[in-house]
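The structure appears below as structure tokens.
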Amino acid sequence: MYGLSEIVEREYERCGFSAVGIVPFDLLDEERDRFGRWLAAGYGAGLGYLERSADYRHDLRRLFPDVRSVVVTLTSYCRPAAVRQPDGVPRIARFAWGDDYHDILKRNLRQLLAAVRSYDGFREARGRAVVDSAPAFERAWAVRAGLGWIGRSSMLVHPELGSMTLIGLLLLDAALPEGYELSEPLPNGCGTCRRCLEACPTGAIVAPLTVDAGRCLAYQTIERSEPVEAGFRKALDGRIFGCDRCLEVCPYNNRDGMPMMPPNAGLEAVPDRLGITFEAWRAMTSEEFEVRFAGSPLLRAGLEKLKSSL
């Protein structure tokens, strides 16, 4: 009979994931304290949901009271060079080239849960699929599961997949066996590289591992309800949704033979959304936007917000 970790290792690729790890549940007290200091320094850009969850993000029992083990998945969204936006059109962050990854990852995580439940000894297992829209320290869980380190940009870096990955958590009420050995933490592979800090168009990476959310173009173009602040408009340089600059310059994302997005991940780019010109964006109606971007993360920002960045 297979153990829980063996089952997860056998099934994760079939469910559309690039890498996986599993660890026992624990409280992330150190991460809670670090997060509190980050908020106290004023780097949270007044995002109320971050402040409201600051005291309990470290405890996954708030999301699933019976959690005993945590499956951590990575899904690469690195695509072949031929899949790209044409030159001279408004730029959309790569994670948003397809449908909303929150829904897709949850579906894939539930598929993994169903796979676990198909094995003897786990037929009654229960769980919850969690992505970064829930109050959890998903990057810290990925580090704990041996799936990478936190780079200077504060992004998770996997030694083979790089930092263009999406993290999913599957919280299970099934326990790992007593004496289960955790993966050894991966050494930080950034060395002396500072390319992400130097490339950030707004200086949002104010120190290694520290991002001022209010300066980040992802916040300015997605999270901020008002138009992009006047002081950051020049830095947009054609971007209307997100900013990939720190990812684009990372050496781990620019190696020959990098693993691509799993073919069954469900994150395929939608070509009809990638080549829209400035003129077409300006002329787009709300009805056209809702049809063309049905299921897209861009719906979160809304058409008027996107047009305000043109």
Side-chain angles (χ1 to χ4, degrees), residues 3-5 7-8 12 17 19-75 101-103 105-110 112-114 116-117 122 124-151 154-158 165-186 209-211 213 219 223:
L4 183 56
S5 61
I7 294 170
V8 169
Y12 79 92
F17 299 113
V20 73
I22 182 168
V23 291
F25 164 71
D26 203 350
L27 298 176
L28 300 185
D29 291 331
E30 290 186 10
E31 190 66 14
R32 175 196 58 194
D33 296 343
R34 184 206 65 80
F35 188 63
R37 292 192 296 271
W38 179 79
L39 287 173
Y43 294 141
L47 292 171
Y49 67 87
L50 296 180
E51 296 177 359
R52 288 191 295 271
S53 65
D55 291 335
Y56 59 81
R57 278 181 172 258
H58 69 299
D59 187 354
L60 293 175
R61 292 175 299 186
R62 291 292 296 261
L63 300 174
F64 185 55
D66 296 324
V67 58
R68 300 179 72 187
S69 58
V70 183
V71 178
V72 188
T73 63
L74 296 186
T75 308
Y101 72 84
H102 299 92
D103 299 329
L105 288 188
K106 284 182 180 179
R107 181 197 67 200
N108 294 348
L109 288 164
R110 290 172 186 137
L112 182 56
L113 173 59
V116 170
R117 288 167 57 92
F122 298 95
E124 304 301 319
R126 295 182 301 116
R128 177 174 175 179
V130 171
V131 294
D132 62 9
S133 55
F137 291 127
E138 68 278 352
R139 295 177 192 175
W141 281 108
V143 170
R144 179 169 287 221
L147 295 178
W149 64 89
I150 304 301
S154 85
M155 300 294 288
L156 179 83
V157 184
H158 184 280
T165 61
L166 304 167
I167 304 173
L169 306 179
L170 179 59
L171 314 185
L172 295 173
D173 66 353
L176 289 161
E178 188 174 346
Y180 178 79
E181 293 187 10
L182 292 173
S183 300
E184 288 291 324
L186 294 183
L209 283 75
T210 305
V211 173
Y219 165 79
E223 300 285 349

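As the structure is a prediction and not an experimental result, all values here were calculated from the model.
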Pairing of Arg32 and Asp29 as salt bridge, 4.0 angstrom limit: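 Yes, charged N to carboxylate O under 4.0 Å.
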Once rounded to the nearest 0.5 Å, what's the spacing between atom [atom1] of [X] and atom [atom2] of [Y]?
{"X": "Leu50", "Y": "Glu223", "atom1": "CG", "atom2": "CD", "result": "8.0 Å"}
{"X": "Leu169", "Y": "Leu63", "atom1": "CG", "atom2": "CG", "result": "9.0 Å"}
{"X": "Leu147", "Y": "Ile167", "atom1": "CG", "atom2": "CD1", "result": "8.5 Å"}
{"X": "Asn108", "Y": "Phe17", "atom1": "CG", "atom2": "CZ", "result": "4.5 Å"}
{"X": "Thr210", "Y": "Arg34", "atom1": "OG1", "atom2": "CZ", "result": "7.5 Å"}
{"X": "Leu112", "Y": "Leu105", "atom1": "CG", "atom2": "CG", "result": "12.0 Å"}

Parallel, tilted or perpendicular: ring planes of Phe25 versus Trp141, cut at 30 and 60 degrees: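 The rings of Phe25 and Trp141 lie parallel, inter-plane angle below 30°.
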If you look at every heavy atom in [X] and [Y], which pair is closest and at what distance?
{"X": "Ala142", "Y": "Val72", "value": "CA-CG1, 3.7 Å"}
{"X": "Trp38", "Y": "Gly44", "value": "CH2-CA, 3.6 Å"}
{"X": "Leu60", "Y": "Ala136", "value": "CD2-CB, 3.7 Å"}
{"X": "Ala174", "Y": "Ser69", "value": "O-OG, 2.6 Å"}
{"X": "Arg57", "Y": "Ala134", "value": "NH1-O, 4.2 Å"}

Over-ring placement of Arg128 relative to Phe64, 6.0 Å and 45° cut-offs: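 Geometry flag: not set, cation outside 6.0 Å or 45°.
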Heavy-atom side-chain contact between Leu47 and Tyr219 under 4.5 Å: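 Leu47 vs Tyr219: side chains touch.
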Over 12 non-hydrogen atoms of neighbours within 6.0 angstrom of CD in Glu51: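 Atom CD in Glu51 is packed in, count exceeds 12.
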